[in-house]
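All values reported here derive from a predicted model rather than from experimental measurement. As a basis for the values below, the full set of heavy atoms in this structure was taken, side chains included, without hydrogen atoms, waters or symmetry mates. Numbering of residues begins at 1 and proceeds along the displayed sequence.
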Amino acid sequence: MIEVRPARTSDIKAIHKLIGDFASGGRMLQKETVTLYESVQEFVVAVEDGQVVGCGALHVLWEDLAEVRSVAITENLRGNGIGNQILEQIIDRARELGLSRIFCLTFETKFFGRHGFEVIQGTPVEPEVYAQLLKSYDSGVAEFLDLESVKPNTLGNTRMLKIL
């Protein structure tokens with residue numbers, strides 16, 4: 001039985017390992033442990049028999065926009081619907097927060113497409129919002145904005161957007 005729930009600080013080491021496994025394969029950017037602790041409230045985890053087997057996060061960027069981040073499932077459990085459960089919780093949370101759009105940067109276009117995400121080009125924000133987002137120190141925001149400063153770290157993934 002899989003339980004999907006908000007992450008706790010005690011889950012961070014397992015989240016770090018999941019993300020690290022995906023990052024080592026070039027499917028995701030590695031996150032520093034301190035960054036994960038700072039953003040624990042953004043994460044949900046899937047737990048089976050007391051073990052974290054999946055994770056995902058919702059990172060708010062603006063009043064109407066957030067990013068789905070770090071969706072990762074233990075390799076031997078992929079394809080069992082755990083990612084669907086995690087993403088549905090993230091989408092529900094976005095609605096609760098009053099967001100109207102969520103996006104992701106992903107290689108898993110079929111997975112996100114099944115949940116209503118569509119491939120987009122460029123950055124879907126107005127120039128004033130873009131200018132404000134430039135002030136963020138978050139590397140994910142820099143990736144979203146396609147800034148030159150993150151080009152060496154860009155994975156070559158696809159931008160997708162879901163209208164809620």
Answer with yes or no whether the hydrophobic clustering places [X] together with [Y]; edges join I, L, V, M, F, W, Y residues whose side-chain heavy atoms lie under 4.5 Å apart.
X: Phe22; Y: Ile82; result: no
X: Trp62; Y: Val60; result: no
X: Leu97; Y: Leu87; result: yes
X: Ile91; Y: Ile163; result: no

Find the distance between [atom1] ([X]) and [atom2] ([Y]) and round it off to the nearest 0.5 Å.
X: Ile120; Y: Arg159; atom1: CD1; atom2: CZ; result: 7.0 Å
X: Thr74; Y: Gln51; atom1: OG1; atom2: CD; result: 9.0 Å
X: Ser39; Y: Arg69; atom1: OG; atom2: CZ; result: 8.0 Å
X: Ser70; Y: Leu58; atom1: OG; atom2: CG; result: 11.5 Å

Does any part of the side chain of [Y], heavy atoms only, come nearer than 4.5 Å to the side chain of [X], both counted from C-beta?
X: Ile102; Y: Leu164; value: yes
X: Val119; Y: Leu161; value: no
X: Phe103; Y: Leu61; value: yes
X: Val52; Y: Leu18; value: yes
X: Met160; Y: Thr109; value: yes

>> I'd like to know whether Val40 forms a side chain to side chain contact (heavy atoms under 4.5 Å, CB included) with Ile12, so could you lay out the CA-CA distance, the side-chain angles of the two residues, the decisive distance to 0.1 Å, and finally the verdict.
In response: CA-CA 7 Å; Val40 66; Ile12 294 301; 3.7 Å; yes
>> Does Arg27 qualify as a cation-pi partner of Phe107, given the criterion of NZ or CZ under 6.0 Å from the six-membered ring centre and within 45 degrees of its axis?
In response: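 Ring-cation test returns no.
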State, to 0.1 Å, how close [X] and [Y] come at their nearest heavy-atom pair, and which atoms those are.
X: Phe112; Y: Val68; value: CE2-CG1, 4.0 Å
X: Ala7; Y: Ile15; value: CB-CD1, 4.0 Å
X: Leu77; Y: Asn80; value: O-ND2, 3.1 Å
X: Gly20; Y: Gln30; value: CA-OE1, 3.0 Å
X: Leu29; Y: Ile19; value: O-CG2, 3.6 Å
X: Ile90; Y: Val71; value: CD1-CG2, 4.4 Å

> Would Glu108 and Arg78 pass as an ion pair if we require N to O under 4.0 Å?
Replying inline: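 Salt bridge flag = yes for Arg78 with Glu108.
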> Residues in ring-ring contact (aromatic ring centres under 6.0 Å, His included) with Phe43, at least two apart?
Replying inline: none
> Strictly by modelled atom types, are Glu42 and His59 linked by a side-chain donor-acceptor pair under 3.5 Å?
Replying inline: yes
>> Check whether Thr35 reaches the backbone of Lys31 with its side chain - one donor and one acceptor, N or O, closer than 3.5 Å.
In response: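 No, because the side chain of Thr35 does not come within donor-acceptor range (under 3.5 Å) of the backbone of Lys31.
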>> Holding to side chain to side chain donor-acceptor pair (under 3.5 Å), I want the full list of residues that pass it with Glu96, two or more places apart in sequence or in another chain.
In response: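 Glu96 satisfies side chain to side chain donor-acceptor pair (under 3.5 Å) with Arg93 only.
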> In chain order, what residues pass the side chain to side chain donor-acceptor pair (under 3.5 Å) check against Asp21, with sequence neighbours excluded?
Replying inline: Lys17
>> Does Glu32 have more than 12 heavy atoms from other residues, nucleotides or ligands lying within 6.0 Å of its CD?
In response: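 No, not enclosed.
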> Taking only residues two or more places apart in sequence or in another chain, which ones pass side chain to side chain contact (heavy atoms under 4.5 Å, CB included) with Asn84?
Replying inline: Phe111, His115
> Excluding sequence neighbours, so at least two apart, what forms side chain to side chain contact (heavy atoms under 4.5 Å, CB included) with Val4?
Replying inline: Ile2, Val44, Ala46, Gln85, Ile86, Gln89
> Does the side chain to side chain contact (heavy atoms under 4.5 Å, CB included) test come out yes or no for Arg95 and Leu99, once each step is laid out?
Replying inline: CA-CA 6 Å; Arg95 286 187 176 111; Leu99 299 165; over 6 Å; no
> Do any pairs count as a salt bridge (charged side-chain N to carboxylate O under 4.0 Å, His left out) and have a residue in residues 4-15, sequence neighbours left out, and if so which ones?
Replying inline: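 Those involving residues 4-15 are Arg5-Asp11.
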